[in-house]
Amino acid sequence: MATTDDYGQGVSIASLTDAPNAEALAKNIANALAQRSIMRFASASARNATITSPADGMVAWLRDSKLLTVHNGTAWLPYLGTAVANQQSPSYDATITTYGTSSSAGSYAHCAVTFVAPLSGKVKITTGARVENSSSTAGCLLTPETREGSSIGSGAIVEAAIDINGFSHYGATYARATASHLLTGLTPGASYNTRLLHRTSQSGTTATFALRELIVEPAA
């Protein structure tokens, strides 16, 4: 009677009392080891066509997207995924004192990205900009807002725009810097969208924003 390996991985090994069958011996070992290694496929569709009944813990590399995927017992998910970024160079002014996208002058465009949450459910979000306020005592504030789904600015809010997560500068001189934070608790494999929102700290002042940058990176 065939036995299994000493590590509990389900690799079938023929015993001395089994009838000789070199083909069955080789296939049992090869098939068991292959599904427990990092399998390689041309694409997700090729992977799905080959592995019709995936098991929890299977790992597959997709050549077309250069992506490592893991099956969690329910679906194939990106192990880490890829970083996404967006840059918007044009300058614009804003006079709102609560976070939003309204601008009073210049050329505003969403600085936003969509992404799929990695297996860890964690991403690092980096925000950057060049800013200046019309008042020497007022601030320019820029911070990310993340929502469910892949439609920018739509979907249930996962993480609201708050000061601590973004970049701010006070004064009437130009400054450029970045700020990063970790967003956790995302649903692995689900789609999300993140955009930058802005405000000025004082009513009656104008915040100027330019060279905005948003980066979302998968985290382990």
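No experiment lies behind these values; they were computed from the predicted model shown.
The closest side-chain heavy-atom distance from Pro118 to Val123 is below 4.5 Å. Within the 4.5 Å cutoff, no side-chain heavy atoms of Gln87 are placed close to those of Arg212. Contact check for Ile51 versus Met39: side-chain heavy atoms found under the 4.5 Å cut-off. You'll find the side chain of Val131 stays beyond 4.5 Å of the side chain of Arg176, heavy atoms only. Residues Val70 and Met58 are not in side-chain contact: their nearest non-hydrogen atoms beyond the backbone lie 4.5 Å or more apart. Side-chain contact between Pro78 and Val116 is present, with at least one heavy-atom pair separated by less than 4.5 Å. Counting heavy atoms from C-beta outward, Arg130 and His169 have side chains that stay 4.5 Å or more apart. Glu132 is not listed as a side-chain neighbour of Thr173, based on a closest heavy-atom distance of 4.5 Å or more.
In this structure, Ile215 is not a member of the same hydrophobic cluster as Leu183, with clusters built from ILVMFWY side-chain heavy atoms closer than 4.5 Å. Both Val59 and Leu77 are part of a single hydrophobic cluster, where members link through side-chain heavy atoms under 4.5 Å apart. Two different hydrophobic clusters hold Val158 and Leu197 under the rule that ILVMFWY side chains link at heavy-atom gaps under 4.5 Å. Transitive grouping of hydrophobic side chains (ILVMFWY, heavy atoms separated by less than 4.5 Å) brings Ile125 and Leu186 into a common cluster.
Residue Ser104 comes nearest to Thr95 through the heavy atom pair OG-CG2, 3.8 Å, listed as atom of the first residue, atom of the second, then distance. Residues Ala46 and Ala42 approach most closely at CB-N, 4.3 Å, considering heavy atoms. Heavy-atom minimum distance, Pro144 versus Gly166: CD-CA, 4.3 Å. Closest heavy-atom contact between Ser120 and Ala220: CB-C, 3.8 Å. Residue Pro188 comes nearest to Leu119 through the heavy atom pair CG-O, 3.4 Å, listed as atom of the first residue, atom of the second, then distance. Here the closest non-hydrogen pair linking Arg147 and Gly155 is NH1-O, 2.8 Å.
Arg199 has a carboxylate O that lies under 4.0 Å from a charged side-chain N of Asp163, or vice versa, which qualifies the two as a salt bridge.
Inspection of the Glu213 and Asn86 side chains reveals no N or O donor paired with an N or O acceptor under 3.5 Å.
In this structure, CG in Leu214 is found 12.0 Å from OG1 in Thr178, a value given to the nearest 0.5 Å. Note that the CZ atom of Arg47 and the OG1 atom of Thr52 stand 12.5 Å from one another [nearest 0.5 Å]. The distance from atom OH of Tyr170 to atom OG of Ser201, rounded to the nearest 0.5 Å, is 4.5 Å.
Under the side-chain contact (heavy atoms from CB on, under 4.5 Å) criterion, Ile152 pairs with His110, Ala112, Thr114, Asn193, Arg195, not counting sequence neighbours. Under the side chain to side chain donor-acceptor pair (under 3.5 Å) criterion, Thr200 pairs with Asn133, Thr205, sequence neighbours left out. For the ring-ring contact (aromatic ring centres under 6.0 Å, His included) test, no residue two or more places apart in sequence or in another chain qualifies with Phe41. A search for ring-ring contact (aromatic ring centres under 6.0 Å, His included) contacts involving Phe167 returns nothing, not counting sequence neighbours.
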Please list every donor-acceptor pair under 3.5 Å in which a side-chain atom of residues 134-142 meets a protein atom from a residue at least two apart or in another chain.
unit_1	atom_1	unit_2	atom_2	d
Ser134	OG	Thr206	N	2.8
Ser135	OG	Thr137	N	3.2
Ser135	OG	Thr137	OG1	3.1
Thr137	OG1	Gln202	NE2	3.4

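Side chain of Ser151 to main chain of Ser154: no donor-acceptor pair is present (N/O by atom type, distance under 3.5 Å, no hydrogens or angles). For the pair Thr146 (side chain) and Thr194 (backbone), a donor-acceptor distance under 3.5 Å is absent. At distances below 3.5 Å, at least one donor-acceptor pair connects side-chain atoms of Thr143 with backbone N or O atoms of Ile162.
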Original post:
What do the steps show when you test Glu217 against Lys122 for salt bridge (Lys or Arg N to Asp or Glu O under 4.0 Å), and what is the final call?
Top reply: CA-CA 9 Å; Glu217 304 170 86; Lys122 304 175 184 178; over 6 Å; no
**OP:** Begin with the C-alpha distance, continue with both residues' side-chain angles, and end with the deciding distance and a verdict on side-chain contact (heavy atoms from CB on, under 4.5 Å) for Lys124 and His181.
**Re:** CA-CA 6 Å; Lys124 177 184 176 183; His181 77 285; over 6 Å; no
**OP:** With side-chain contact (heavy atoms from CB on, under 4.5 Å) as the test, would you mind laying out the steps for Val216 and Tyr192 before giving the verdict?
**Re:** CA-CA 11 Å; Val216 177; Tyr192 296 90; over 6 Å; no
**OP:** Would you please test Ser43 and Leu62 for side-chain contact (heavy atoms from CB on, under 4.5 Å) and show each step?
**Re:** CA-CA 5 Å; Ser43 63; Leu62 307 181; 5.9 Å; no
Subject >> CA sep, side-chain torsions, deciding dist, call: Ser180, Thr126, side chain to side chain donor-acceptor pair (under 3.5 Å) >> reply: CA-CA 4 Å; Ser180 298; Thr126 301; 2.7 Å; yes
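With a 6.0 Å radius and a threshold of 12 heavy atoms from other residues, nucleotides or ligands, Ile164 has its CD1 atom at or below the threshold.
For residues 61-105, the set of pairs meeting the ring-ring contact (aromatic ring centres under 6.0 Å, His included) definition, not counting sequence neighbours, comprises His71-Trp76, Tyr92-Tyr108, Tyr92-His198, Tyr92-Phe209.
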